[in-house]
Amino acid sequence: MVTQIISTMETQASNGPAGTGATGTGPPLAANGADDSKTNLIVNYLPQNMTQEEFKSLFGSIGDIESCKLVRDKITGQSLGYGFVNYVDPNDADKAISTLNGLKLQTKTIKVSYARPSSASIRDANLYVSGLPRTMGQKEMEQLFSQYGRIITSRILVDQVTGVSRGVGFIRFDKRVEAEEAIKGLNGQKPLGAAEPITVKFANSPSQKTGQALLSHLYQGSARRYPGPLHHHAQRFRLDNLLNMAYGVKSPLSLLSRFSPVAVEGVPGLAGVGLAGAGSAGWCIFVYNLAPEADESVLWQLFGPFGAVTNVKVIRDFATNKCKGFGFVTMTNYEEAAMAIAALNGYRLGDRVLQVSFKTSKQHKA
DNA sequence: TCCTATT
């Protein structure tokens, strides 16, 4: 089932230093002994394709950075969608929160808040909750859990079409022990007025990949099977573009970018396509599920690493000049075109899953 | 019956 995430920013949109540290033990100290509680920020919900470079560029625009790190998967190198920024001046950290928190980048709304001091006690504090009454909202769920500790994030999964709760949610506590207590206190219990008991357990850790997760990981990572596009997740965007996007449109792509149902059907066999896509100019490739603001450069960047690209074209609506969701790429050599298709079909670009195939229609010579 | 928040 297709799901949509409801997530609030208010939970930790502006957690101040006072709310970030251990209680009553004085300011938390970093490994080097410095108190970085007023300069060190955590940034969440970054676009998947943002690079360390771009991350640094964006936050460096506020003020001098002592250090910054975009956190990546150890094995795949893929961004995990969050990072840390340590400013030299606490005032810049404050400024970064006030100006960059809630910034809309592509399909994401980033969250910028003070980092809690790193500690083993705050790890693995994320709970998976199921069996919630469909009528229960996020606030209500938080109320239920807040008796066990400080909630860092909470979410309820809803059906994308109907918007109704799926009865499944997540609660991240500040401390693992708080999460443990919540499990003890709430697992198997019926919330007030509920017909069914809820299940409360630790959420799957990021390293656990099962079922759908594994599948999507496979597709998402398909490009990495080939030598070319290791840097595809670094689909470029310029800082000025970022800022334009961020401050420009009011209702951004979040409403438009959904996984297409066909996107999960996987990589089609390359056998059987026959001579589809072949043309005098080369092999024409159909690319579907591009974002409305996609431009030709996206296509160059995606396909260029696989070999000779002679032409790219984004199809736009005449009136709005926005991309209609698809485009064409012409590649000279069959092998390279096939490689690009195999690698990029199912490739996740932001929150979109691309569909890439040889063009089958006879219309449109690229 | 699984969103990705601790360097």
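In the text below, chain A, chain B and the rest are named by the order of the sequence lines, each starting its count at 1.
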**Report entry** Given DNA chain B, 5'-ward residue of the pair Arg172(A) and Tyr128(A), judged by closest heavy atom
**Finding:** Tyr128(A)
Requested in this report: Output the single nucleotide from dT4(B), dT6(B), dT1(B) whose closest atom is nearest the side chain of Lys201(A).
Outcome: dT1(B)
**Report entry** Pairing of Glu296(A) and Arg316(A) as salt bridge, 4.0 angstrom limit
**Finding:** yes
Report task. Answer whether the closest heavy-atom distance between the side chains of Asp64(A) and Tyr87(A) falls below 4.5 Å. Result -> no
Query raised in the report: For Ile171(A) and dC3(B), what is the distance between atoms CD1 and P respectively, to the nearest whole Å?
Result: 16 Å
Query raised in the report: Asp124(A) has an atom CG; how far is it from atom C1' of dC3(B), in whole Å?
Result: 15 Å
Query raised in the report: Across the strands shown, which category fits Tyr82(A) at heavy-atom distances under 4.0 angstrom: base, sugar-phosphate, nothing?
Result: sugar-phosphate
Requested in this report: Starting at atom OH of Tyr45(A), determine the distance to atom P of dT6(B), rounded to an integer number of angstrom.
Outcome: 11 Å
Query raised in the report: Between Thr51(A) and Glu54(A), does any side-chain donor sit less than 3.5 Å from a side-chain acceptor?
Result: yes
Query raised in the report: In whole Å, what is the span from the CZ atom of Phe170(A) to the C1' atom of dT1(B)?
Result: 9 Å
Query raised in the report: OH of Tyr114(A) versus C1' of dT6(B): gap in Å, rounded?
Result: 17 Å
Query - Check: Lys175(A) and Ile122(A) side chains under 4.5 Å, non-hydrogen atoms - result: yes
Query raised in the report: Got a donor-acceptor pair under 3.5 Å from the side chain of Arg116(A) to the base of dT6(B)?
Result: yes
**Report entry** Gap between atoms CD1 and P, on Ile152(A) and dT6(B) respectively (whole Å)
**Finding:** 11 Å
Query - The single option from Gln138(A), Glu140(A), Lys139(A) passing side chain to side chain contact (heavy atoms under 4.5 Å, CB included) against Glu142(A) - result: Gln138(A)
Query raised in the report: Over how many whole Å does the gap from Asn40(A) atom CG to dT7(B) atom C1' extend?
Result: 8 Å
Report task. Give the rounded distance in Å between these two atoms: NZ of Lys69(A) and P of dT6(B). Result -> 13 Å
Report task. Return the nearest nucleotide to the side chain of Val168(A); candidates are dT1(B), dC3(B), dT7(B). Result -> dT1(B)
Requested in this report: Have a look at Asn126(A) and say if it touches a base, only the backbone sugar-phosphate, or nothing, with a 4.0 Å heavy-atom cut-off.
Outcome: base
